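Everything quoted here is computed from the prediction, not taken from an experiment. Residue numbers start at 1 and run along the sequence shown.
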Amino acid sequence: MPEAPKRSLLIIGGAEDKVGRVTILRRFVRLAGGRKARLVVIPTASSVPDEVVEVYSTVFERLGCASVTSVDPANRQAAGDSELVERVDDATGVFLSGGNQLKLSQLIVGTPLGAALLRAYQRGAVVAGTSAGASIMSQFMISMGDEGVTPRQRSSQLTAGLGLLPGVIVDQHFDQRARYGRLLSLVAGSPSLLGMGIDEDTAAEITDGRALTVVGSGAVFVVDARNAVTDAHEARRDAPLLVTGAVVHTLPFGATFDLQTATLTEFVEKHTDLSVSSSRDRHDTATAAAALRH
C-alpha cells in the first residue's frame, strides 16, 4: 500500500513578519513545495481583501513561488463555485488571512470550498492560517469573547470551525491581547479539549495532527484541563471561574510537543528576531503593503 501523505498545518498567531526575515512565511512556502509550490490565498476574513492578496502574493513571489492565486467567495453560494473549488484542489499550499473568524465560519464551513480545504489537508497540501485564519483550524472555534487574564463564566463563544485540528481550541494574538482568561474559561467548560494560544509572529507547525513544533519570536501556550477542578458548571454569568490543577505549557521557538500525550518531546534553544507588531489586521496589512512597495 502507498504511504499516507504527511499532513501539515501552520497555525500563526497573527502579525507575522512580512518585510524582514519572514521566517514563518518562508516556512510555509517551503512546506508547500518551494519554487514549485502552487499557492492559494483566501482573504475572506479581512475587511481589505484586495490588499491582503497583494501583500501575501508579493511576499510569496519574493520567496520564489511563481504560482499564487486567490479565492474569495462573496457568500455561501459562491463557496460552491466549481472554479474556486478547483483552485484549492490543485493547490500545494493554502493560506487563510486574518480578519473576522465568524465571517470565515459563515461563508466557508460546511460548503464545497470548506470540503476542498479538508481534502487539501488530507492529501498533503499545507494549510496555513494567521489570526482569524488560525482560529478556524479547530473543530470548535472561538468566535468572540472578552479579553483579560481572569477566566469568567460565559465570557466567550464557540462556533463551528473547519475541523482540521480536532481536540484543540486555538486562540491568537495571545499574549499581546491578554487572552488567557477566555481560553481558560473555554477549556474549563470543555476539559476534553486542549487550549492553544499563539503569540503574534509565532506559529505552531503541526504534523499529522499530533507533533507540534514552534516557529517564530513568541511562544505557544498550551493548557491541559483534563484533570482540573472547576466550578464552570455552576458559576453565575460573568463570575470569576475556579480553575485549579490545570497544566500549563509555554513553548518557545525550538520546542516540539506531542498534542496527543500533552508532553514536551524536544527543546533546542533558538534565538529569534523580537520585533513583533501588535497592530490590528487592517492596519497591519496596510503597513506591510506600503513597506513592500518600496
Side-chain angles (χ1 to χ4, degrees), residues 7-14 101 129 134-143 145-200 202-216 218-235 239-268 270:
R7 298 170 298 148
S8 297
L9 298 175
L10 194 65
I11 309 179
I12 309 165
Q101 57 255 44
S135 288
I136 203 169
M137 298 287 188
S138 53
Q139 182 179 4
F140 302 104
M141 175 192 77
I142 301 175
S143 55
D146 296 337
E147 297 173 353
V149 174
T150 302
R152 295 182 179 275
Q153 177 68 307
R154 300 181 186 177
S155 63
S156 304
Q157 174 178 303
L158 290 178
T159 302
L162 288 170
L164 303 180
L165 186 64
V168 180
I169 303 171
V170 177
D171 209 346
Q172 18 79 8
H173 300 282
F174 193 66
D175 182 43
Q176 290 75 15
R177 301 186 188 175
R179 288 177 167 171
Y180 305 92
R182 77 177 191 179
L183 188 62
L184 281 168
S185 70
L186 288 168
V187 297
S190 301
S192 64
L193 303 176
L194 289 178
M196 180 189 300
I198 308 175
D199 289 346
E200 293 180 354
T202 307
E205 180 182 331
I206 300 174
T207 304
D208 292 333
R210 178 169 183 171
L212 183 161
T213 302
V214 181
V215 180
V220 174
F221 176 97
V222 177
V223 57
D224 178 0
R226 287 176 291 188
N227 294 314
V229 175
T230 176
D231 66 341
H233 62 288
E234 58 185 359
L241 286 176
L242 169 72
V243 183
T244 180
V247 179
V248 170
H249 309 265
T250 302
L251 310 169
F253 191 7
T256 304
F257 189 83
D258 188 322
L259 289 172
Q260 184 170 316
T261 61
T263 55
L264 181 72
T265 54
E266 186 179 12
F267 178 64
V268 178
K270 302 282 187 178

Would a distance-only check, ignoring hydrogens and angles, find a side-chain to backbone donor-acceptor pair under 3.5 Å from [X] to [Y]?
X      : Y      : result
Glu266 : Ala255 : no
Asp199 : Ala219 : yes
Ser190 : Ser192 : no

Where [X] and [Y] come nearest, the two heavy atoms and their spacing:
X      : Y      : result
Phe267 : Pro252 : CE1-CG, 3.6 Å
Met137 : Gly129 : CE-N, 3.2 Å
Ala225 : Pro191 : O-CB, 3.5 Å
Ala262 : Arg226 : CB-NH2, 3.2 Å
Pro151 : Val243 : CG-CG2, 4.4 Å

How many angstroms lie between [atom1] in [X] and [atom2] in [Y], if you round to the nearest 0.5 Å?
X      : Y      : atom1 : atom2 : value
Leu162 : Ile136 : CG    : CD1   : 4.5 Å
Asp175 : Phe221 : CG    : CZ    : 10.0 Å
Thr202 : Ile12  : OG1   : CD1   : 10.0 Å
Ile169 : Ser156 : CD1   : OG    : 9.0 Å
Ile11  : Ile206 : CD1   : CD1   : 3.5 Å
Thr230 : Leu242 : OG1   : CG    : 5.5 Å

**Request:** Using the side chain to side chain donor-acceptor pair (under 3.5 Å) rule, take Ser143 and Gln101 through it: C-alpha gap first, then chi angles, then the decisive distance, then the call.
**Result:** CA-CA 6 Å; Ser143 55; Gln101 57 255 44; over 6 Å; no
Is the closest side-chain heavy-atom distance between [X] and [Y] below 4.5 Å?
X      : Y      : result
Arg152 : Ser185 : no
Leu241 : Leu184 : no
Val223 : Val247 : no
Thr256 : Leu212 : no

**Prompt:** Run the side chain to side chain contact (heavy atoms under 4.5 Å, CB included) check on Leu165 and Val170 step by step: do they pass?
**Reply:** CA-CA 9 Å; Leu165 186 64; Val170 177; 4.2 Å; yes
**Request:** Using the side chain to side chain contact (heavy atoms under 4.5 Å, CB included) rule, take Leu259 and Met196 through it: C-alpha gap first, then chi angles, then the decisive distance, then the call.
**Result:** CA-CA 10 Å; Leu259 289 172; Met196 180 189 300; 4.0 Å; yes
**Request:** Show your working on side chain to side chain contact (heavy atoms under 4.5 Å, CB included) between Leu183 and Phe174 and close with a plain yes or no.
**Result:** CA-CA 9 Å; Leu183 188 62; Phe174 193 66; 3.7 Å; yes
**Prompt:** Who pairs with Asp231 by salt bridge (charged side-chain N to carboxylate O under 4.0 Å, His left out), at least two apart in sequence or on another chain?
**Reply:**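 Partners of Asp231 under the salt bridge (charged side-chain N to carboxylate O under 4.0 Å, His left out) test: none.
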**Item:** Contacts of Arg7 that satisfy salt bridge (charged side-chain N to carboxylate O under 4.0 Å, His left out) - sequence neighbours left out
**Value:**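 Counting only residues at least two positions away or on another chain, Arg7 forms a salt bridge (charged side-chain N to carboxylate O under 4.0 Å, His left out) with Asp208.
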**Request:** State plainly whether the residues Arg177 and Glu147 are in salt-bridge range, i.e. N to O under 4.0 Å.
**Result:**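 Here Arg177 does not pair with Glu147 in a salt bridge, since their nearest N and O are not under 4.0 Å apart.
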**Asked** Any ion pair linking Arg182 and Asp146 (charged N to carboxylate O, less than 4.0 Å)?
**Response**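 No.
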**Asked** Side chains of Gln172 and Ser135: do they bring a donor and an acceptor to under 3.5 Å?
**Response**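 Looking only at side-chain atoms, Ser135 and Gln172 do form a donor-acceptor pair, the distance falling under 3.5 Å.
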**Asked** Does the side chain to side chain contact (heavy atoms under 4.5 Å, CB included) test come out yes or no for Arg210 and Thr261, once each step is laid out?
**Response** CA-CA 9 Å; Arg210 178 169 183 171; Thr261 61; 3.8 Å; yes
**Prompt:** Considering residues at least two apart in sequence or located in another chain, which fulfil the ring-ring contact (aromatic ring centres under 6.0 Å, His included) criterion with Phe257?
**Reply:**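 Counting only residues at least two positions away or on another chain, Phe257 forms a ring-ring contact (aromatic ring centres under 6.0 Å, His included) with His249.
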